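A short write-up of the structure that comes next.
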Amino acid sequence: MSKVLETRLEIDLKALEYNFNFLKSNLSPKTKMMGVVKAFAYGTDSIIIGKQLVKLGAEHLAVAYIEEGVRLREAGVQVPILVFYPQLEEIHNLIDYQLTPSVYTHRFLEGLCKELPHHEVNEIGIHLKINTGLNRLGFELTELDSILNHLEVEPKIKVAGVFSHLAASGNTNEIEFTKAQINKFTEAKTFFETHLEYNFLCHICNSSGILNFPEAEFDMVRAGIALYGYGNNPTEHKLLKAVASLKTVIAQLRTIEKGESVGYERKFKAEHTTKIATLPLGYADGISRIFGNGKARVLVNGKKAPIIGNVCMDTLMVDVTGIDCKEGDEVEVFGKNNTVIDFDIEQQTIPYEVITRISQRVTRVLV
Ligand SMILES: *Cc1c(COP(=O)(O)O)cnc(C)c1O
C-alpha cells in the first residue's frame, strides 16, 4: 500500500443522505435547502458533496470564494451558488459563471455596477447580507434606504435574496440574543417586501438554527456542519452521522520499558512497559498538536488508544498496551465510530476546525 492510500479520508454519501433527510424532516416542505460546501465541503470534497446534495434535493449551494463556485460550475453543477465572500478582483468570473454574490457593502455594489457593462447579461441576482449582531459582514439596518438608492442606478441588479447569519444558534444560554437577531432580520425583510416589487428569498438559519429555531426557517436554510454529521452541542450531534472518517494503518509497533520516552521533547514517559504504535499522519495532515499528549483517542481494532507525546509533522504515536494489533492494521483516527466530539479538546477547537483542517495531501476516498 502506498502512503497516500494508507492515510485517507473516507467519505460516506449514505451518511450525507441521512443528515440531509434528517434536516429536511425538521423543515416545512416548502422551505428550500442551501447546502454549504465552502472549504472543500468542510474538508471533504466540494465536487462530490455538492453534486450529491443537488441529487438529494438541495435547491442552492453556497461557497466562500468565487474560485470555489467556479470549480463547481466547471464540474457541471447548475443550481444557484451563493458566494459568501466574493472578491472584487474576481468579479468577472462571478458574472461569467453565473454565481450569486453575497453583497454587504456599497463598495461591492459599485464594483458590480462598473463590471456589468463589460458582460452580456440582462440580469444578475444578489443576496443582500444584513448584520443583525454577529458583527462580521453585513449592511446595518440603518443602511437599508441607501441600498435601495444604490440599486436604482443599475436595474440589471436584482435582489434575489436577503439574509443574515446567527452568532450563537447552538447555544442555549443565548436564546434571547438569537431571537433578537431574528427580529432584526424580520425588520429588514419587511423593509424590502415593502419597497421591492418582486419576490426574493429570506434566510437566516445555519445548522443549529434549523435544529433550534424552527420559527426562523423563512424561505430557505443554509446547512453546513450538520450535513457533515456534527452539531454545535452533544444533543445536536447525537442526531447526525459523520460523513468523513480519517483512517490510517499502524506503520510500526514497539514495546518500551518504564522510564523510556516517546517523541519530541520526550513529552511521554512510560510508567510501565508500554506498547506503542506509530501512525503515518501528523500535523502536516491536519492533526493538530492539541490532539497530542492524551487529548484524543484513535480507534485500533475496536479499542480506544490515546495519542501520546507530541504529534509530529508526518507521524504520531498511540498507546496500544493491551490492544491486540499488528503492523498494517487499520486505525480510525476520527469519524463514524470515533467522533471528534469525544476528544478532550473542548475550549481549544470545534468540529468545524478539526474537519476542515485535514490537509489536501490526504487522499479523499468514496466508500
Ligand atoms: C458557513 C456558513 C453557514 C453554515 O453554517 P453551519 O453552522 O456550518 O451550518 C451558513 N451561513 C454562512 C453565512 C456561513 O458562513
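Start at 1 and go down the list; that is how both ligands and their atoms are numbered. Computed over heavy atoms, backbone and side chain alike; hydrogens, waters and symmetry mates excluded. Everything quoted here is computed from the prediction, not taken from an experiment. Residue numbers run from 1 in the order of the sequence given.
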Is K336 salt-bridged to E332, going by a charged N under 4.0 Å from an acidic O?
no

Strictly below 4.0 Å, N to O, side chains only: are E193 and K189 in salt-bridge contact?
yes

Which pairs of donor and acceptor atoms, one on a side chain in residues 223-234, lie under 3.5 Å apart (sequence neighbours left out)?
residue	atom	partner	partner atom	Å
Y228	OH	V36	O	2.8
N232	OD1	Y352	OH	3.4
N232	ND2	S208	OG	2.6
N232	ND2	Y352	OH	3.1
N233	OD1	T235	N	3.2
N233	OD1	E236	N	2.9
N233	ND2	G170	O	3.0
N233	ND2	E236	OE2	3.2

Would a line drawn from the ring center of H203 to the ring center of F163 be shorter than 6.0 Å?
yes

Are F84 and Y65 close enough that their ring centres sit under 6.0 Å apart?
no

Quick one: nearest non-hydrogen protein atom to [atom], plus distance?
| atom | value |
| --- | --- |
| atom 5 (O) of ligand 1 | N206 CB, 3.5 Å |
| atom 9 (O) of ligand 1 | S207 OG, 2.5 Å |
| atom 7 (O) of ligand 1 | Y352 OH, 2.6 Å |
| atom 11 (N) of ligand 1 | R222 NE, 2.8 Å |
| atom 2 (C) of ligand 1 | K38 NZ, 2.6 Å |

N/O to N/O below 3.5 Å, does that happen between [X] and ligand 1?
| X | value |
| --- | --- |
| I225 | yes |
| Y42 | yes |
| A226 | no |

Tell me whether K241 forms a cation-pi arrangement with Y18, defined as NZ or CZ under 6.0 Å from the six-membered ring centre and within 45 degrees of its axis.
yes

Quick check on M34 - does any of its heavy atoms sit under 4.0 Å from an atom of ligand 1?
no

Heavy-atom contact check, 4.0 Å cutoff: does R136 meet ligand 1?
yes

Please tabulate, for the side chains in residues 140-152, all donor-acceptor contacts under 3.5 angstrom to protein atoms that are two or more places apart in sequence or on a different chain.
residue	atom	partner	partner atom	Å
E140	OE2	N131	ND2	2.9
E143	OE1	E140	N	2.8
S146	OG	H106	NE2	3.0
S146	OG	E143	O	2.6
H150	ND1	H106	ND1	2.9

Check each heavy atom of K129 against ligand 1 and say whether those closer than 4.0 Å belong to the side chain, the backbone, both or neither.
side chain

So does E327 get a backbone contact from the side chain of Q252, meaning a donor-acceptor N/O pair under 3.5 Å?
no

